[in-house]
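Chain naming here is simple, since letters A, B, ... match the order of the sequence lines and numbering starts at 1 in each.
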Amino acid sequence: MANDLPNSFMTGPDEKGRFGDFGGRFVSETLMPLILELEQQYEHAKTDQSFWDEMDFLWKHYVGRPSPLYFAERLTERLGGAKIYFKRDELNHTGAHKINNVLGQIILARRMGKTRIIAETGAGQHGVATATVCAKFGLKCIVYMGATDVERQAPNVFRMKLLGAEVVPVTSGRGTLKDAMNDALRDWVTNVRDTFYCIGTVAGPHPYPAMVRDFQAIIGKETREQIMEAEGRLPDTVIAAIGGGSNAMGLFYPFLDDKSVNIIGVEAGGHGVNEKMEHCASLTGGRPGVLHGNRTYLLQDEDGQILEGHSISAGLDYPGIGPEHSWLHEIGRAEYVSITDKEALEAFQLSCETEGIIPALEPSHALAHVTKIAPDLPKDHLIVMNMCGRGDKDIFTVARALGWDIEGG
Amino acid sequence: MTRIDDTFARLQAEGKKAFVAYVMAGDPDYETSLEVVRGLPGAGVDIIELGMPFTDPMADGPTIQLAGQRALEGGQTLEKTLQIARELRKDDDTTPIVMMGYYNPIYSRGVDRFLADAKEAGIDGLIVVDLPPEEDEELCIPAQKAGLNFIRLATPTTDDKRLPKVLQNTSGFVYYVSITGITGAAEAQAGDVAPEVARIKAQTDLPVIVGFGIKTPDAAEAIAGVADGCVVGSAIVGEIAAGRTPVDVLSFVKGLADGAHRA
């Protein structure tokens with residue numbers, strides 16, 4: 001592959017929506033005209049200054065951007081190696097990076113005259129962000145959420161309802177994120193005229209992977225400016241957790257052409273990447289296939305049936321990964337590793353104790369990998385980790401895992 | 001000429017509309033499913049659509065989703081689905097078999113290997129829901145080269161500007177999806193369907209078959225009356241789900257086929 005490497009890693013996708021062999025538009029004919037229209041509208045908005053002016057205004061005054069780049073001093077001391085920064089996207093309104101993308105898609109939906117917004121959600125963060133922005137603009141919002149996730153993410157279900165969204169528990173399949181995405185697609189196919197599908201990650205048919213990446217790239221753009229200000233140079237390593245991969249793609253994208261920057265994505269290793277598929281590490285434990293409109297690495301059996309993974313984090317519990325990650329993996333521009341539930345829980349506690357930050361379980365996976373590599377790196381090695389969500393939603397899950405009873409009383 | 005072309009030529013000579021029946025391969029188990037498939041030609045079915053079960057059938061309603069789950073839980077695989085076709089071909093060399101489903105199980109097997117196996121098993125055509133014309137190079141063009149028809153879905157959202165693109169690499173027949181939505185949902189209305197069929201026929205000589213939302217013999221007659229034939233899937237699968245015996249299922253199918261053939 002090395003001989004075929006492009007001059008820039010930032011030119012994708014091509015006109016067919018491909019990153020190398022990954023991506024594409026694998027949808028039913030009913031949806032095809034809709035995604036072509038979306039692509040056209042997005043291409044137009046992308047170069048329209050008034051679109052970005054509206055985004056910038058809301059990012060600043062509604063979301064609270066830019067999010068800080070924070071030197072995690074006690075954690076750095078504790079690990080005794082590389083200098084660790086957190087990109088604090090957990091401080092955004094609604095508590096995660098998801099709203100960066102939702103704002104972009106909802107502004108686009110309004111421009112397209114759509115009045116009904118549908119979304120899928122796993123951990124509930126994307127659902128909450130979508131319900132929030134819909135409330136702000138007075139749009140009808142329907143969120144599909146796997147019945148299993150409705151149960152384990154009750155606080156976010158309640159938030160969505162408070163925000164006026166209808167939450168539809170999905171019982172088909174095993175009732176997790178991929179099933180929620182199937183039902184959202186079924187809704188879209190049925191309500192094509194007035195409905196906009198707000199996808200929460202860098203997956204789905206083209207143009208979603210590129211569009212969501214572009215909206216999340218604000219994370220990496222800010223990080224570049226902030227690290228230049230703080231250290232006068234680029235980071236040596238950027239690292240982020242990956243379910244579908246939107247926070248990671250947002251952080252990575254502006255650094256893809258900076259060869260000195262190591263890029264590491266952390267997948268959910270669950271109980272360990274094994275043959276029983278008790279994990280959600282699509283790149284480490286899967287192979288290429290076609291699902292939800294794109295070709296990418298998937299957890300699947302030998303007959304091409306999609307497998308359900310396992311992760312303690314509902315936000316990482318997806319059998320696929322954004323197609324651009326699959327491409328970056330194959331060409332070797334980014335490195336992908338996996339972290340187990342147990343390691344993530346330890347990192348969760350470490351962040352609480354050393355930095356006073358209760359992280360979501362998703363970035364706890366990224367942090368766990370930081371704790372593995374930082375001690376062996378020199379003190380002038382700069383790591384930026386995306387703290388993409390806060391952990392309020394996860395305290396019940398963590399309490400259960402640690403054997404504390406906080407629900408009984 | 002494939003068996004599909006021969007069938008439409010015969011029906012035209014007889015002045016009859018086509019009745020297409022969909023069943024999920026391996027639902028509820030391999031043996032029962034094989035017995036139903038074997039009985040379909042005798043029940044008046046002109047073309048058999050054999051569903052390939054998939055874990056994530058994004059364009060299907062609950063009835064077909066559950067049929068796929070039953071089949072997979074019963075151990076159905078793509079190989080066993082091909083085997084059903086081989087078994088049928090032992091005593092039926094005229095009824096066309098169209099495999100219908102999603103791309104990933106085919107992609108997983110490998111396109112070239114799948115096409116060779118399908119041809120050898122006596123398959124005549126493919127309907128793959130998540131392969132629009134934009135992805136023709138994946139399977140559609142290789143399938144045509146291998147001598148299999150690739151049957152495309154046209155939908156209410158396929159406007160006149162897009163229709164030529166949809167028809168371009170379609171062969172065998174055009175499958176018009178009568179509603180925007182998933183299988184087994186809203187009821188198709190002949191009044192809505194007729195102008196759409198005319199719109200498609202203005203741009204192609206291929207037969208136009210209408211599916212989605214046809215549940216009764218009367219509906220089959222009404223819809224087939226404004227097209228070259230109709231497809232019934234969820235209603236038949238619903239009978240299987242209700243635990244009816246193959247004999248009863250086939251008697252239900254015969255009612256639908258008679259309806260379509262009255263048109």
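The shortest non-hydrogen separation linking Ala146(B) to Leu115(B) is CB-CB, 4.2 Å. Nearest heavy atom pair, residue Ala25(B) against residue Ala71(B), reads O-CB, 3.4 Å. What you find for Val111(B) and Pro142(B) is that their closest heavy atoms are CG1-CB, 4.2 Å. Taking both residues in full, the closest heavy atoms of Leu126(B) and Ala143(B) are given as CD1-CB, 4.0 Å, listed atom of the first, atom of the second, then distance.
Looking only at side-chain heavy atoms (C-beta outward), Val37(B) and Leu50(B) come within less than 4.5 Å of each other. Using a 4.5 Å cut-off on side-chain heavy atoms (C-beta onward), Cys198(A) and Gln105(A) make contact.
Note on Gly293(A), Gly173(A), Pro33(A): by heavy-atom pairs under 4.5 Å with chain B, the leading option is Pro33(A). When the candidates Pro133(B), Ala59(B), Pro132(B), Gly61(B) are compared by the number of heavy-atom contacts under 4.5 Å with chain A, Pro132(B) comes out ahead.
Of the atoms belonging to Pro288(A), heavy atoms from both backbone and side chain fall under 4.5 Å from chain B. Proximity to chain A is absent for every atom of Ile179(B), based on heavy atoms less than 4.5 angstrom apart. Only the side chain of Leu36(A) comes within contact range of chain B, judged by heavy atoms closer than 4.5 Å. With a 4.5 Å cut-off on non-hydrogen atoms, Ile306(A) touches chain B through its backbone and its side chain both. In this structure, chain A has no heavy atom under 4.5 Å from any part of Pro62(B). Looking at Val166(B), only its side chain comes within 4.5 Å of chain A, counting heavy atoms on both sides.
Take Tyr42(A) and apply the ring pair (Phe, Tyr, Trp, His ring centres under 6.0 Å) test, not counting sequence neighbours, and it matches Phe215(A). Partners of Ala85(B) under the side-chain contact (heavy atoms from CB on, under 4.5 Å) rule, at least two apart in sequence or in another chain, are Ile97(B), Ala121(B), Ile123(B). Scored by the side chain to side chain donor-acceptor pair (under 3.5 Å) test, Thr284(A) finds Glu267(A) as partners (sequence neighbours excluded).
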Using atom types as modelled and no hydrogens or angles, find all donor-acceptor pairs between chain A and chain B shorter than 3.5 Å.
residue	atom	partner	partner atom	Å
Arg18(A)	NH2	Glu135(B)	OE1	2.5
Arg18(A)	NH2	Glu138(B)	OE2	3.0
Arg25(A)	N	Glu135(B)	OE2	2.7
Glu29(A)	OE1	Arg162(B)	NH2	2.9
Glu29(A)	OE2	Thr158(B)	OG1	2.9
Glu29(A)	OE2	Arg162(B)	NE	2.8
Thr30(A)	O	Thr157(B)	OG1	2.9
Lys178(A)	NZ	Asp56(B)	OD1	3.1
Lys178(A)	NZ	Asp56(B)	OD2	2.8
Asn182(A)	ND2	Asp56(B)	OD2	2.7
Arg186(A)	NE	Pro57(B)	O	3.4
Arg186(A)	NE	Asp60(B)	O	2.9
Arg186(A)	NH2	Pro57(B)	O	2.8
Val189(A)	O	Gly181(B)	N	3.2
Thr190(A)	O	Thr180(B)	OG1	3.4
Arg287(A)	NH1	Ser108(B)	OG	3.4
Arg287(A)	NH2	Ser108(B)	OG	3.2
Val290(A)	N	Asn104(B)	OD1	2.7
Arg295(A)	NH1	Glu138(B)	OE1	3.1
Arg295(A)	NH2	Glu138(B)	OE2	2.5
Gln300(A)	OE1	Asn104(B)	ND2	2.9
Glu302(A)	O	Ser108(B)	OG	3.4
Asp303(A)	OD2	Leu78(B)	N	2.9
Gly304(A)	N	Ser108(B)	OG	3.4
Gly304(A)	O	Asn104(B)	ND2	2.9
Gln305(A)	OE1	Thr55(B)	N	2.9
Gln305(A)	NE2	Pro53(B)	O	3.0
Ile306(A)	N	Thr55(B)	OG1	2.9

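Aromatic pair His271(A)/His310(A): centroids less than 6.0 angstrom apart.
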